[in-house]
Amino acid sequence: MATDPLAIFKERACALFHDALAGMGSEAKAVPEVPPEGMGDFAFPCFLLAKELRRPPADIAASISGAIPQDSHFSRTEAKGPYVNFHIDPAQLMSAALSAVLEKREDYGNAEPTGRKLLVEHTSANPNGPLHVGRARNPIIGDTLARILSRCGNTVVTEFYVDDMGKQQVTLTWGVENLKRAGEAPHKPDHSLVWYYQEASRLMAEDPKVLAQIDAMIALYEKKDPAIAERVRKNCQIVLDGMTASLRRMDINFDSFAWESRYIFDGTVDRVLDELRALKCTAEEEGALYLNLEEFGITGQESKFYLTRGDGSSLYSTRDMAYHLDKLSRYDRAIDVLGEDHRLKARVVGIGVKLLGEEKPIEPIFYSFVSLPEGKMSTRRGTVVYLDDLIEESVARARDEVEKRRPELSEELKRGIAEAVGTGAIRYNIIRVQAEKQMVFKWEDALNFEGNSAPFVQYSHARASSILRKATAYESYDPCLLTHPSEIALAKGLARFPSVIRECGVSMSCHLLAQYAFEIASLFNQFYRDCPVLVAADENLKNARLALVTASKFVMLNALDTLGIMAPEEL
RNA sequence: GGACUCGUGGCUUAGCCAGGAUAUAGCGCUGGACUUCUAAUUCAGAUGUCUCGGGUUCGAAUCCCGACGGGUCCGCCA
């Protein structure tokens, strides 16, 4: 059974079009496009054929259209200017869409298994304080992408790369071990520890003795001192636990954690350095090994890329090369979700990994920063909006709305709805924007529950659920009874879901899925307005509409699930 | 200074990779729809030199070059 109900129509249209074209003596191939509203379902442009056949495009379209025989899949095919447009027979489409969704249900939209195992590395934030809204774009993109790629038939593993070797983590540990906090500490561990990091950073900047102590700790750490490693890791783990707790609330979970220090302590970084040292494109300068980037097309001041310090100790990107070699040996594809500040580094790590003999590429996805209206966010300076505060605020606002709209619901139900709406709205509002566009964080946008938002989709899903709750189960349905334009438009939308998932996976972009979810919800709302279900004219029409409602509910559910957003039965 | 990236109604945004038929939507604005399966909904209307200038093309929001504006990077930090 076909997973994609549109595929059979598309193939048929292509075959008919090319048969007609062959009849005119042309071997040319044309790819169908999606025409504007009301002009059918597949459009074949005839511009490219104009040159070969030496006739105007509109002429060719008319001839081809005339040569296409009547076909049961299509209600009509017509030439419209320079295009040949195919209109899918609405009854056939309705039938194909409904049977595809109702057969696959929760799995509708999933592709056949590829047999490939992928790793999506995301978040990987320095464990020196709680996640802020700027960084939150990373886990939301990463988790959504993992869900999309999984529906595309891959086995997907998500991983958090824990940077436990950085100066920031040592600074945090120095703070925890040397500073005494006055007053009450915040309850959540990451929020409690960030004070030590901020305070230690401040002291380090004004007091050279503090700086010296921290530098001494770093030196010891780099000599692979196990005791200090344990002290630093302990604090990293505490902050990490706080971060993952916040993310869990948005249904973001990690399958594994890779600790940066591991690659130092188990000797893989040393092996990587030995191999790099032997290459022609590396050289040393006062004991420091560097990679000459000029021959890779990266010129200017950044053409010398340092791999070690003068004392031979490794640098961040070198350790990243070791990590990526390990990843690529374990998985068929390695995808990294990275902030735009990592663009150059990611390129260099990619070059390094290739030089070290790895054939598979690292596939980075970049996103631009989320800033505040008054400037960029910084944990060190404390100019941030913490993710936890945003979640609290969003859930509280959702709670107010539920209280206002559904006072009769039980306490437990209201709490569950507020949580789903509050966290869903955050995920949606971040994922709906293309990753590479920069965003300015505004509370009013982040807490938008109307229009293009998660609650809009959740609300439509709840409406569908409500109808199904009140209806008695139908035995069978006749898709031919569904002929209202709103019903047809909705069915066409439902039929598109598998190709939307595929497109998101191929282009590795998540914002298209949010847009699709919104479109389906909007189509469902129009159907809801135009076509009464429970009080339909007769029993047969009611059953057919119940089938359409059921299918719509599954598609909205699947789209929301792929976006990592809960779909409550009631709102 | 060099490199990368983004620039689409008042605000936010899709389309750009694979150029083609009236540029997608949301917010906001004006006006309408709750005796109707949940109005977090819906309908109508106003709002655009697709940053600017060149080029390629029968045809450019889309490709190329240049400029301008925002962001980011250019450390033996991470």
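Lettering of chains follows the sequences in order, A, B, ..., and the numbering in each one begins at 1.
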**Student:** Hey, does Glu444(A) reach any base, or is it just sugar-phosphate, or nothing, if we go heavy atoms under 4.0 Å?
**Tutor:**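 Here Glu444(A) touches no strand at all.
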
**Student:** Look at all strands and tell whether Phe366(A) reaches a base, only sugar-phosphate, or nothing, counting heavy atoms closer than 4.0 Å.
**Tutor:**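 Phe366(A): no heavy atom of the nucleic acid under 4.0 Å.
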
**Student:** Out of rU5(B), rA40(B), rG15(B), which nucleotide sits closest to the side chain of Arg343(A)?
**Tutor:**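 So the side chain of Arg343(A) is nearest to rU5(B).
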
**Student:** Contact class for Pro45(A) vs. all strands (heavy atom < 4.0 Å): base, sugar-phosphate, or nothing?
**Tutor:**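 Touches nothing.
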
**Student:** Applying a 4.0 Å non-hydrogen cut-off, can you work out what His342(A) is touching in the nucleic acid: base, sugar-phosphate, or nothing?
**Tutor:**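 The answer is nothing, as His342(A) stays clear of every strand by at least 4.0 Å.
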
**Student:** Any N/O pairs under 3.5 Å between the protein and nucleotides 22-31 of chain B? List them or say none.
**Tutor:**
from    : atom 1 : to        : atom 2 : distance (Å)
rG26(B) : O2'    : Asn452(A) : N      : 3.2

**Student:** So what does Val34(A) touch, heavy atoms closer than 4.0 Å: a base, only the sugar-phosphate, or nothing?
**Tutor:**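 Nothing, no heavy atom under 4.0 Å.
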
**Student:** Students often get this wrong, so: under 4.0 angstrom with heavy atoms, is Pro35(A) touching a base, only sugar-phosphate, or nothing?
**Tutor:**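 Base, at least one base atom sits under 4.0 Å.
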
**Student:** Under 4.0 Å between any heavy atoms, over every strand shown, what does Cys531(A) touch: base, sugar-phosphate, or nothing? Just pick one.
**Tutor:**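 It contacts base atoms.
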
**Student:** Answer with base, sugar-phosphate or nothing: what part of the nucleic acid does Ala43(A) contact at a heavy-atom distance below 4.0 Å?
**Tutor:**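 Base contact - Ala43(A) has a heavy atom under 4.0 Å of at least one base atom.
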
**Student:** Where the side chain of Ala288(A) is defined as all heavy atoms beyond and including C-beta, which of rG15(B), rC16(B), rC76(B) is the nearest nucleotide?
**Tutor:**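 Given the options rG15(B), rC16(B), rC76(B), the side chain of Ala288(A) is closest to rC76(B).
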
**Student:** Give Asp164(A) one of three labels, base, sugar-phosphate or nothing, depending on what nucleic acid heavy atoms sit under 4.0 Å from its own.
**Tutor:**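 Nothing, no nucleic acid heavy atom in range.
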
**Student:** Counting primed atoms plus P, OP1 and OP2 as sugar-phosphate and everything else as base, spell out the protein contacts along nucleotides 58-64 of chain B at 4.0 Å heavy-atom distance: B, S or - for each nucleotide, 5' to 3'.
**Tutor:** -------

**Student:** With sugar-phosphate meaning primed atoms plus P, OP1 and OP2, does Ser368(A) contact a base, only sugar-phosphate, or nothing at under 4.0 Å between heavy atoms?
**Tutor:**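 Counting heavy atoms under 4.0 Å across all strands, no contact is made by Ser368(A).
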
**Student:** Between P on rA14(B) and NE2 on His511(A), what's the gap in Å once rounded to a whole number?
**Tutor:**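 That distance rounds to 5 Å.
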
**Student:** Please classify the nucleic acid contact of Leu512(A) as base, sugar-phosphate, or nothing, using heavy-atom distances under 4.0 Å.
**Tutor:**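 Sugar-phosphate contact only.
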
**Student:** Could you check whether Glu570(A) gets within reach of a base, just the sugar-phosphate, or nothing at all, counting any heavy atom under 4.0 Å?
**Tutor:**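 The answer is base, as Glu570(A) lies within the cut-off (heavy atoms under 4.0 Å) of a base atom.
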
**Student:** Taking any heavy-atom pair under 4.0 Å as a contact, classify Lys376(A): base, sugar-phosphate, or nothing.
**Tutor:**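 Sugar-phosphate, no base atom in range.
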
**Student:** Answer yes or no: are there more than 12 heavy-atom neighbours, outside Glu37(A) itself, under 6.0 Å from its atom CD?
**Tutor:**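 Not more than 12 within 6.0 Å, no.
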
**Student:** Both distances below 3.5 Å, Watson-Crick or wobble geometry, any strand: find the nucleotide opposite rA21(B).
**Tutor:**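 Pair assignment: rA21(B) / none.
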
**Student:** Could you check whether Leu315(A) gets within reach of a base, just the sugar-phosphate, or nothing at all, counting any heavy atom under 4.0 Å?
**Tutor:**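 Sugar-phosphate, backbone atoms only, no base.
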
